[in-house]
Amino acid sequence: MRRIPLLPALAAGALALTACGTGQPGALGPSPTPTGCAAAASAAASPAPEKDGVRVLGFAAGPPDCVAYEVTNPGSQALTYTIGFTFADASGGALHHAEDTVEAVVPGRTVRRTFSAGGLSGGSVRALVSTVRSVPADEAPVAGGPSCPPSGVRVYADEGDAAMGLRVVGLHLENCGTDAYGLDGHPRLELLDAAHDPVDGVTVQEGGSGIATGTGADTPPAPLTLRRGERASATLVWRNTTELGEDAVHAPYVRVWARPGADPVTVTPELDLGTTGRLGVGAWAKE
């Protein structure tokens, strides 16, 4: 099965793109002063309309050619943003998708960033913000890297698979701490909508047999002990079937507690649950 991108409608406000190189970090502050690539980009065209706190600024005309954008956090807590960009031709056809992450944006601050456009060039190519997702910075998933969260574990979701209306996403946990980490049973989940509010009317069931077989979500639960560097995974499974005349449920975020008393981690599996009202979750199993 192959993952199907779940992109909402593209944002308005495209800017002409000539070319792009390696992304560079931008300035931090409510009115950042751009330098280098970001300076050339902001001078290239007027900023596009804002979408969920993200605004494309423009493109640098010479090396290094970069797309510049800025993120503003209007909330009351630090947020980590994951932003999807689509590059489209003059007719609106998608040419390339890119994603960038901006970590720990402080409330009330603006961060300016630049990133690669995948080598696309030409005056008819446009850059658009397609998705904006944000999670509390202290609940952001960590898939790897040299640092280890204070919890001693890294928790994240993979890209998943999709086929014929069936969706399967893996939750992964790695013990990066110094102590052994115990797991027993299923992770606890809370589904959140695009506004980060709890989603009602969805039953989270243990196992996936009531939704589909052969997904890996029906491994019997058993106590696990993960030593440093060892990993475990649990499976999320659902269908996106939608009945005519009923409102489909979309829950972009899932808050995950790996075990009782654990620090929560918020992942973004983009649950397109249709009108099924069910999500299956498998037990933790060693990878």
Side-chain angles (χ1 to χ4, degrees), residues 75-80 82 101 103-104 133-145 147-160 167-208 210-211 215-238 249-271 273 277-287:
S76 59
Q77 62 178 328
L79 297 174
T80 290
T82 301
T101 298
E103 298 179 354
R133 299 296 183 223
S134 60
V135 301
D138 59 359
E139 295 184 14
V142 179
S147 61
C148 184
S151 63
V153 294
R154 301 186 180 106
V155 178
Y156 63 97
D158 61 30
E159 291 297 311
R167 309 288 197 249
V168 178
V169 168
L171 297 176
H172 301 270
L173 182 150
E174 177 188 2
N175 182 3
C176 56
T178 57
D179 298 329
Y181 194 86
L183 294 168
D184 189 1
H186 303 74
R188 181 165 72 89
L189 310 178
E190 180 184 32
L191 280 56
L192 304 176
D193 64 17
H196 302 90
D197 294 324
V199 173
D200 297 324
V202 176
T203 299
V204 178
Q205 65 180 49
E206 293 184 351
I211 298 171
T215 63
D218 292 306
T219 301
L224 306 176
T225 299
L226 301 180
R227 302 189 184 281
R228 180 179 176 86
E230 292 186 322
R231 304 183 181 191
S233 61
T235 300
L236 304 182
V237 57
W238 73 96
V249 174
H250 182 211
Y253 307 102
V254 176
R255 214 169 179 215
V256 180
W257 287 265
R259 65 183 186 183
D263 295 331
V265 173
T266 300
V267 298
T268 313
E270 302 285 352
L271 302 180
L273 295 164
R278 290 191 300 173
L279 172 68
V281 56
W284 290 112
K286 269 191 178 182
E287 293 186 356

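Just so you know, residue 1 is the first one in the sequence shown, and it goes up from there. What you are looking at is a predicted structure, and each value in this text was computed from that prediction instead of being measured.
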Assess whether side chain to side chain contact (heavy atoms under 4.5 Å, CB included) is satisfied between Val135 and Leu79, documenting all intermediate values.
-> CA-CA 5 Å; Val135 301; Leu79 297 174; over 6 Å; no
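- Atom-to-atom distance recorded for His250:NE2 and Leu191:CG is 10.5 Å, nearest 0.5 angstrom.
- Counting only heavy atoms from C-beta outward, the side chains of Leu273 and Val199 never approach each other to under 4.5 Å.
- Asp158 is listed as a side-chain neighbour of Val169, based on a closest heavy-atom distance under 4.5 Å.
- Shortest non-hydrogen contact noted between Val142 and Arg154 is O-CB, 3.1 Å.
- Atom CG of Asn175 and atom CG of Leu183 lie 9.0 Å apart (nearest 0.5 Å).
- Interatomic distance, CG of Asp179 versus CZ of Arg227, reported as 11.0 Å (0.5 Å rounding).
- Taking 4.5 Å as the limit, some side-chain heavy atom of Cys176 sits within range of a side-chain heavy atom of Pro149.
- Sorted by first and then second residue, the ring pair (Phe, Tyr, Trp, His ring centres under 6.0 Å) pairs with a member in residues 176-206 read His196-Tyr253; sequence neighbours excluded.
- Residues Pro269 and Val254 approach most closely at CG-CG2, 3.6 Å, considering heavy atoms.
- Atom CD of Glu287 has more than 12 heavy atoms from other residues, nucleotides or ligands within 6.0 Å.
- The existence of a salt bridge linking Glu270 and Arg167 is excluded, since no basic side-chain nitrogen approaches an acidic carboxylate oxygen closer than 4.0 Å.
- Without hydrogens or angle criteria, Arg228 side chain to Gly177 main chain gives a donor-acceptor distance under 3.5 Å.
- Between the side chain of Asp263 and the backbone N or O of Ser151, no donor-acceptor pair lies under 3.5 Å.
- Distance OG1/Thr203 to CG/Leu279: 10.0 Å, rounded to 0.5 Å.
- The backbone N or O of Gly207 lies less than 3.5 Å from no partner atom in the side chain of Asp218, so there is not a single donor-acceptor pair.
- Atoms NZ and OG1, from Lys286 and Thr219 in turn, are 14.5 Å apart once rounded to the nearest 0.5 Å.
- Side-chain contact between Tyr156 and Val265: absent, with no pair of heavy atoms (C-beta onward) separated by less than 4.5 Å.
- Taking every heavy atom of both residues into account, Arg255 and Thr266 meet most closely at CG-OG1, 3.6 Å.
- Judged by distance alone, with hydrogens and angles left aside, the side-chain atoms of Thr80 form a donor-acceptor pair with the main-chain N or O of Ala104 at under 3.5 Å.
- Contact detail for Asp184 and Ala222: the closest heavy-atom pair is OD1-C, 3.8 Å.
- A pairwise comparison of heavy atoms in Leu171 and Ala157 identifies CD2-CB, 4.1 Å as the closest pair.
- Of all heavy-atom pairs spanning Glu139 and Pro264, the tightest one is CG-O, 3.6 Å.
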